[in-house]
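Chain identifiers are assigned alphabetically (A, B, ...) following the order of the sequence lines, protein sequences preceding nucleic acid strands; residue numbering begins at 1 within each chain.
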Amino acid sequence: MRVTFWLLDIGYEVRDGQPEVWLWGIDEENRRILVIDRGFLPYFYLTIKEGENPEAVLSRVQRLRGELPLIRELELVDRRFFGRPVKAIKVVCGNPEVLSKYSRKLGKVPGVGMCLEENIRYSMRYLIDHGITPCGWHEVEVEKAERPSGLQVEAVYRARSPPKDVEKAEPPSLRVLGFTMVAYSRRGTPKPERDPVVILSVATNSGKEAQFVAEGGDDRPVIEGFLRYLREFDPDVIVGYGSNQRDWPYLLTRARGLGLRLSVDREGGEPHTSVYGHISIAGRANVDLYDFADELPEVKVKTLENIAEFLGVMRLEERTLIDEVDIPAYWEDPDRRPLLLKFSLENLRSIMGIAEAMFDYALQLSSLVGIPLDHIGTAAVGFRVEWFLIREAYRIGELVPTRRPRPYRTYVGGMVLKPRPGIHEEIAVLDFKSMYPSIMIAKNISPDTYVPPEEPDPPCGVYVAPEVGHRFRKEPPGFYKEVLTRLLRAREEIRERLRTLDPESVEYRVLDARQRAVKVITNASYGYTGWLGARWYLKPVAEATTAWGRHIIRNTIEMAKKMGLEVVYGDTDSIFIRYDPEKVERLSKAVGEELGLEIKPDKVYVRVLFTEAKKRYCGLLPDGRLDVVGMEVIRGDWAAVAKEVQEGVLGILLREKDPKKAAGFVRGYVSDLLARRTPYRDLIIWKTLTKPLKEYKVRAAHVEAARMLMQEGWELTLGDKVGYVITKGEGKLYERAKPYNLASYDEVDLDYYVEKQVIPAALRILKQFGVTEREILPPTS
DNA sequence: GCCTGATTTCTACCA
DNA sequence: ACTGGTAGAAATCAGGCG
């Protein structure tokens with residue numbers, strides 16, 4: 001019989017010496033099923049050294065089979081490595097756990113060059129080799145299998161052949177469970193060995209909600225209630241916010257301490273830590289929405305409430321917010337405890353809303369890249385690109401290089417023009433479309449087309465990168481060219497289809513998420529080529545790409561100037577010119593013809609303001625909105641007071657062109673600030689801890705604030721944002737910084753905020769217009 | 001020991 | 001834990017000064 005199913009999770013185990021792949025899915029009747037495939041064995045490759053006789057090397061390897069009993073098969077195969085044909089021995093083993101040991105051993109056999117692909121996980125290997133993707137539909141020939149006890153599925157099958165991809169975009173209807181918890185500690189970060197989980201809130205996408213509350217200090221009913229609820233609902237996806245780092249490890253430790261088993265997976269087992277420290281739950285997808293917070297760079301401090309606010313899930317003004325420092329007081333006070341419950345419920349609703357908003361994208365990214373849904377969020381951009389490449393490499397018989405440590409060497413990047421300071425009217429921004437990917441395609445730049453300096457030009461000829469001189473063969477099409485062409489074409493096709501669809505339809509949402517995922521991977525591909533950790537790293541590839549980029553932008557500027565177009569600014573792949581529709585049209589045509597790349601107007605500013613600084617400007621859009629780039633307004637490490645003032649100044653200057661009025665606005669703002677009419681939260685400065693505290697070489701305000709928090713029992717980790725205020729007193733700035741939640745308004749040094757935040761942010765713009773510091777300070781100060 | 005300008009460290013941005 | 005180019009603040013260093 002045949003089953004069509006959507007792949008939710010994948011795992012494997014070795015039973016009676018036989019590896020089995022477990023495919024957890026949902027079939028077309030919306031039943032939860034498990035397909036077990038015993039028909040696939042793990043393997044790795046040994047390449048044959050140049051000049052060696054492959055057969056001879058193979059027989060040398062054959063002779064070691066006695067010592068390595070789990071070898072099932074040895075086969076000489078033809079593959080490619082960096083584009084060159086290679087002979088390799090495919091070593092098929094009976095157990096995935098022996099791959100690394102066996103490869104180390106066989107790597108020493110005379111005549112063997114490299115061991116490759118021995119560290120590709122068995123489950124990923126399975127997916128790649130069969131061309132099947134997580135969060136996609138597949139068809140498989142199966143027979144009914146007896147159902148091992150304790151599995152929470154409706155049917156178990158044994159695969160009779162490998163599954164095959166089925167063309168179908170829309171996911172099945174999934175059961176999603178969201179949860180969030182509050183732990184109680186008298187002081188400082190709660191410790192699971194000591195402090196109970198006092199509130200645990202759960203919700204389902206079918207609209208149910210529940211809260212489990214500790215009785216006194218006893219959280220046994222909380223955890224038991226959660227487990228019952230979870231097993232009863234039997235979710236496919238479990239979402240939380242910070243659940244990988246905080247909630248799951250906490251619950252696991254609590255459960256252990258209480259002698260409970262946190263059996264939440266579909267095998268009756270507990271969550272377990274997997275690669276990159278993410279938590280895996282067999283048969284379900286555990287998704288931590290915090291791992292997707294980086295996809296929203298507009299949100300500077302990535303708290304649950306800020307993300308929810310940004311996505312329009314829950315407005316901050318309507319929110320019950322309780323700082324973690326105040327949680328114990330709320331729990332201890334019977335009058336305020338209901339507020340804490342409300343807070344938790346709102347957190348939960350935010351989580352459900354964010355899941356709703358991000359889910360399509362997460363599914364599409366998972367299926368595009370091929371990393372399972374529960375992993376995709378935690379995988380860094382470089383690894384997302386890499387897994388995508390590994391799939392493509394398999395398709396063309398290219399062996400995957402091993403990641404290895406390399407020395408850091410810089411190379412030159414994009415070109416940035418000096419802006420012409422002041423306000424310019426009617427400025428068009430012309431952008432090259434996907435500049436770096438397009439260059440790599442046009443010049444066939446790829447690790448497998450690179451011609452090293454000592455080699456002569458191949459007969460097909462080469463493209464020579466300007467300035468740096470790296471050569472890339474014109475034929476055949478390189479690995480990157482093929483991959484990027486496919487990506488760009490895929491996105492175009494999706495976008496064309498989108499134009500025919502109703503934006504409210506499910507298909508539209510799914511495909512729109514798909515094209516965003518494709519775009520993200522395409523845009524990250526250049527960065528990947530210059531990443532030292534990349535398996536396919538080759539410095540000349542990255543270096544040649546940026547060199548061509550500079551060449552092209554330089555030529556574009558020349559052409560624009562020759563046409564009499566005034567260039568006021570440019571950065572990497574864009575130029576800012578006075579808008580002249582006819583000339584702009586001619587320019588993009590000429591650029592397309594002469595340089596082979598597409599350039600087109602991205603937007604036209606009614607007015608745009610530059611200071612002398614690069615990468616910082618502000619444009620007024622035709623609809624009246626401001627487009628602020630690079631300035632304090634959009635930076636996360638300035639107090640809100642500075643950002644608000646600067647935005648006000650920019651608005652007045654660009655809309656009304658009235659520096660005097662702008663100066664008056666600043667004076668008024670400063671008076672309000674000094675009169676303490678500004679909310680406390682607008683004085684908080686947020687900065688990230690980018691390394692362990694010990695490694696800081698100089699004393700800095702946010703690091704000192706972090707130390708104070710830790711002194712009070714709060715745990716902080718790398719990557720955390722520290723919010724602090726500057727207080728009155730003597731000495732260095734770092735001596736006056738205090739965590740915002742340990743300080744009060746009375747202590748705050750308002751003069752600091754005027755002199756070092758508001759005035760610099762305002763003056764940066766206003767001094768272009770001859771306004772001096774004296775003119776923006778209130779008369780009294 | 002104090003002042004000042006130069007340099008280093010740090011963060012977060014743009015493309 | 002994708003790249004290089006860039007701005008800007010604060011800490012810190014280095015050298016002059018008598």
| message | Out of the candidates A:Trp536, A:Tyr537, A:Phe383, A:Tyr408, only one should pair with A:Trp531 under the ring pair (Phe, Tyr, Trp, His ring centres under 6.0 Å) rule; please name it. | response |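 Output: one option passes, namely A:Phe383.
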
| Distance-only polar pair, side chains of A:Glu775 and A:Thr772, donor-acceptor under 3.5 Å |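 The answer is yes; a qualifying pair exists.
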
| A:Tyr361 and A:Glu295: side-chain donor and acceptor closer than 3.5 Å? |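 Yes, A:Glu295 and A:Tyr361 have a side-chain donor paired with an acceptor closer than 3.5 Å.
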
Which part of the nucleic acid, if any, lies within contact of [X], taking any heavy atom under 4.0 Å across all strands shown: a base, the sugar-phosphate backbone alone, or nothing?
X: A:Val629; result: sugar-phosphate
X: A:Lys732; result: base
X: A:Tyr617; result: sugar-phosphate
X: A:Gly636; result: sugar-phosphate
X: A:Lys539; result: nothing

| said: If you count every heavy atom of other residues, nucleotides or ligands that lies below 6.0 Å from A:Lys539 atom NZ, does the total exceed 12? | reply: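 Enclosed.
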
What is the separation between atom [atom1] on [X] and atom [atom2] on [N], rounded to the nearest whole Å?
X: A:Lys300; N: B:dT11; atom1: NZ; atom2: C1'; result: 12 Å
X: A:Leu417; N: B:dC14; atom1: CG; atom2: P; result: 17 Å
X: A:His702; N: B:dC10; atom1: NE2; atom2: P; result: 9 Å

| message | Which residue is it: A:Val567, A:Ile577, A:Ile575, A:Leu430? I am looking for the one with a side chain to side chain contact (heavy atoms under 4.5 Å, CB included) to A:Thr556. | response |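 Only one of A:Val567, A:Ile577, A:Ile575, A:Leu430 forms a side chain to side chain contact (heavy atoms under 4.5 Å, CB included) with A:Thr556, namely A:Ile575.
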
| Out of A:Tyr569, A:Tyr579, A:Phe576, which residue meets the side chain to side chain contact (heavy atoms under 4.5 Å, CB included) rule with A:Ile427? |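 Single pass found, and it is A:Phe576.
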
Which atom pairs link the protein and nucleotides 1-9 of chain B when you take only N or O atoms and keep those under 3.5 Å?
none

| task | Measure centre to centre between the rings of A:Tyr740 and A:Tyr724, then say whether the value is under 6.0 Å. | result |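 Between A:Tyr740 and A:Tyr724, the centre distance exceeds or equals 6.0 Å.
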
| Considering only heavy atoms from C-beta outward, does the side chain of A:Val412 approach that of A:Glu467 to under 4.5 Å? |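 A:Val412 does not reach A:Glu467 side chain to side chain.
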
| query | How does protein reach along nucleotides 3-9 of chain C, written 5' to 3' as B (base within reach of a heavy atom under 4.0 Å), S (only sugar-phosphate), or - (no contact)? | reply | BBBSSSS

